[in-house]
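This is the structure I have questions about; it appears just below.
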Amino acid sequence: MSDRPSEPDDDFDEPIVAEDDSLVLALDGYEGPIDLLLSLARRQKVDLTKISILALADQYLDYLARARRLKIEVAADYLVMAAWLAYLKSRLLLPDEPDEDEPSGEELAEALAFQLARLEAMREASEKLLRRPQLGRDIFARGAPEELPVDETPIYRVGLYDLLKAYATQRRRQEPHRLEVMPTQFHSMEIALKRLTALLSDARDWRTLASFLPPEITEGPLWRSAVAATFSASLELVREGRLQLRQDSLFSPIYMRAVAARSVESQ
Amino acid sequence: MTDIGHWTRVVEAMLFASAIPLPRDAIAARLPEGVDLDAILSTIETAYAPRGVNLVQVAEGWAMRTAPDLAGDLTRAETVERRLSRAALETLAIVAYHQPVTRAEIEGIRGVAVSKGTLDILFETGWIEPRGRRRTPGRPVTWVTTPAFLDHFGLGSLNELPGVDELRAAGLLDPTIGTWQLGETGGGESEDGDAEDDENDDEFAP
Amino acid sequence: MTDIGHWTRVVEAMLFASAIPLPRDAIAARLPEGVDLDAILSTIETAYAPRGVNLVQVAEGWAMRTAPDLAGDLTRAETVERRLSRAALETLAIVAYHQPVTRAEIEGIRGVAVSKGTLDILFETGWIEPRGRRRTPGRPVTWVTTPAFLDHFGLGSLNELPGVDELRAAGLLDPTIGTWQLGETGGGESEDGDAEDDENDDEFAP
């Protein structure tokens with residue numbers, strides 16, 4: 001079991017292998033610019049809180065420059081970071097202009113150092129967590145848990161209303177039932193025919209069937225019956241030669257227009 | 001419980017963590033040669049004998065089990081809320097309104113068979129009880145409601161159960177089925193007559 | 001191991017019966033009043049300390065667990081151990097130490113986007129879960145660790161996270177410092193109380 005703690009460390013292999021200057025460039029191994037910065041910072045071999053951000057910025061820019069010289073493809077976020085670090089460098093090297101809105105170069109550097117330290121802390125923390133004995137791997141729970149007996153006393157929450165309702169329900173079931181059909185509201189063909197005929201004089205151009213419907217009817221069974229009635233009425237008018245119908249394809253809107261009075265006369 | 005040998009601890013942990021009783025051979029297979037397993041099992045058995053958990057030998061092997069004498073103290077009394085089935089509720093109502101009533105009579109009123117379980121559940125609630133027998137062939141048991149029934153439903157006496165007229169007045173006898181309108185649901189409600197002690201009002205509802 | 005009190009045996013049996021940690025209150029609920037549960041737990045803890053099975057305080061409760069030093073001698077569970085990626089482990093640590101934390105905040109700390117799959121894996125493992133939302137624009141979900149996480153890593157509470165006191169003292173768990181300095185995402189992400197009585201909370205409430 002003493003071999004246990006070292007095991008998870010493989011996960012944390014760093015892409016930088018060499019100690020000396022001939023550092024191996026492998027951007028693929030990094031999870032973004034911050035990860036690369038952290039790796040470079042570790043190479044300074046100092047407490048992260050005492051790190052030289054200026055030196056770090058130089059190392060990063062140098063690293064990217066080499067990567068580009070070697071024609072290694074560099075993702076955009078690395079370049080964004082490079083630009084930002086170059087900016088940070090300039091802010092650190094040049095005297096700060098008193099500007100209340102912008103943080104000073106030192107503040108920016110501090111914030112970056114903080115972020116590196118915080119990420120490093122989380123990495124260490126995750127390693128420490130992994131080194132703990134884990135349930136199901138190093139330590140075990142009871143394999144055959146026993147259910148503790150429970151003595152259940154049922155209680156029924158029933159109110160007087162439920163009781164009476166139940167009685168009424170079952171009584172009603174014994175009684176004869178009547179099916180009652182309520183008067184139905186619908187739009188008759190007679191009404192539709194009347195309406196359509198009245199509107200016919202204004203319908204020289206193609207108009208959709210829907211535009212002939214009474215505007216106050218917008219939905220429900222009444223609307224459906226109005227559509228059906230109007231359509232039937234239109235067929236009647238077509239039969240009489242007073243109306244033309246057109247539908248461009250299956251289920252597409254139905255258009256109608258009045259047949260010009262002249263042609264009616266000519267019939 | 002001091003000076004416990006390493007392999008005793010390992011066997012203890014194995015027995016604890018195993019999902020199934022461990023046959024002696026299965027334990028032995030995981031120990032180095034020369035370890036006296038029988039002595040270990042005996043040690044553990046003795047150590048746990050007075051405790052809340054014991055090492056027991058079952059058909060399949062060795063296992064740790066909570067001590068059987070503790071069952072009573074480990075049992076937790078719990079009240080669970082249950083719903084009365086509709087059948088039970090209707091049966092209860094019929095007993096209340098028609099008592100004393102036999103099972104066959106309840107079935108006659110409900111129009112369906114009443115399972116014995118339904119009466120059992122109601123008996124268990126303490127709301128109904130058998131009282132006497134009909135002087136008819138088979139001498140069937142008759143059922144009545146109990147004082148606990150009156151108590152639970154807040155009734156002073158059976159006379160306080162509302163009559164059929166009152167049920168109707170409260171709208172409880174209104175049929176909700178039997179009305180139909182094109183394309184609409186739940187449209188109109190209509191009155192329905194009561195067959196027994198009311199004149200039938202057979203006109204259509206307004 | 002002699003002269004064990006009756007209620008000690010009962011508590012012992014309860015602890016052995018359960019595979020998951022029992023909150024102190026859950027144990028107390030099954031005991032009569034006047035039983036000194038803390039003394040009992042302490043007695044059991046001491047009695048089992050040298051044994052192959054120990055009483056430990058995990059996940060805000062008490063549980064019997066095999067002794068950690070026996071890990072090497074016990075057969076590993078048959079289940080394939082889940083190898084979490086480095087990204088998942090880091091994310092887990094960040095949730096554990098910074099909870100409640102939004103995905104954007106995790107990304108701010110890690111400096112890279114957190115793929116949805118990473119949170120899903122941890123959620124599926126049962127170690128993290130969403131709890132509540134930040135009262136910031138977009139009302140992002142916040143993540144916390146579960147009792148199963150504490151149980152798995154043998155932690156009594158979040159205060160037992162390795163090095164948590166030092167990290168807190170060093171200000172590294174301070175949520176007010178965001179990632180504004182990189183001019184990237186997460187600029188608007190600021191700490192906000194989870195208190196229910198925050199003003200302007202409810203306008204985005206579902």
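Scope of the values below: all heavy atoms of this structure, side chains included, with no hydrogens, waters or symmetry mates. Below, chain A is the first sequence line, B the second, and so on; all start at residue 1.
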Let's test your reading of the structure: which of C:Leu92, C:Ile20, C:Leu155 forms the most heavy-atom pairs below 4.5 Å with chain A?
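Top count of heavy-atom pairs under 4.5 Å with chain A: C:Leu155.
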
Check whether any side-chain heavy atom of C:Leu89 sits under 4.5 Å from a side-chain heavy atom of A:Leu130, and report yes or no.
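Yes. Closest side-chain heavy atoms under 4.5 Å.
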
Among C:Arg110, C:Met64, C:Met14, which residue forms the greatest number of heavy-atom pairs with chain A at distances under 4.5 Å?
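When all of C:Arg110, C:Met64, C:Met14 are compared, C:Arg110 has the most.
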
Minimum side-chain heavy-atom gap C:Glu90-A:Glu127 below 4.5 Å:
no

Take C:Leu161 and A:Leu129, measure what side chain to side chain contact (heavy atoms under 4.5 Å, CB included) needs, and give me the verdict at the end.
CA-CA 8 Å; C:Leu161 283 168; A:Leu129 269 183; 4.2 Å; yes

Only one of C:Leu173, C:Val95, C:Leu172 passes side chain to side chain contact (heavy atoms under 4.5 Å, CB included) with A:Met122; say which it is.
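Only match with A:Met122 under side chain to side chain contact (heavy atoms under 4.5 Å, CB included): C:Leu173.
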
Got more than 12 heavy atoms from elsewhere within 6.0 Å of CD, A:Glu216?
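More than 12 heavy atoms, drawn from other residues, nucleotides or ligands, come within 6.0 Å of this atom.
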
With a 4.5 angstrom heavy-atom cut-off, could you sort out which part of C:Ala63 is near chain A: side chain, backbone, both or neither?
neither

Would you check if A:Ile139 and C:Pro68 make a side-chain contact, meaning some heavy-atom pair closer than 4.5 Å?
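The answer is yes, as the side chains (C-beta and beyond) meet within the 4.5 Å cut-off.
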
Validation row: C:Phe16, A:Arg142 side chains within 4.5 angstrom (heavy atoms):
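They are in contact (side-chain heavy atoms under 4.5 Å apart), so the answer is yes.
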
Part of C:Ala87 within contact of chain A (heavy atom distance under 4.5 Å):
both

Toward chain A, the part of C:Leu167 with a non-hydrogen atom under 4.5 Å:
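The answer is the side chain of C:Leu167.
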
Do the side chains of A:Asp35 and C:Arg86 get close enough for a salt bridge, i.e. N-O under 4.0 angstrom?
yes

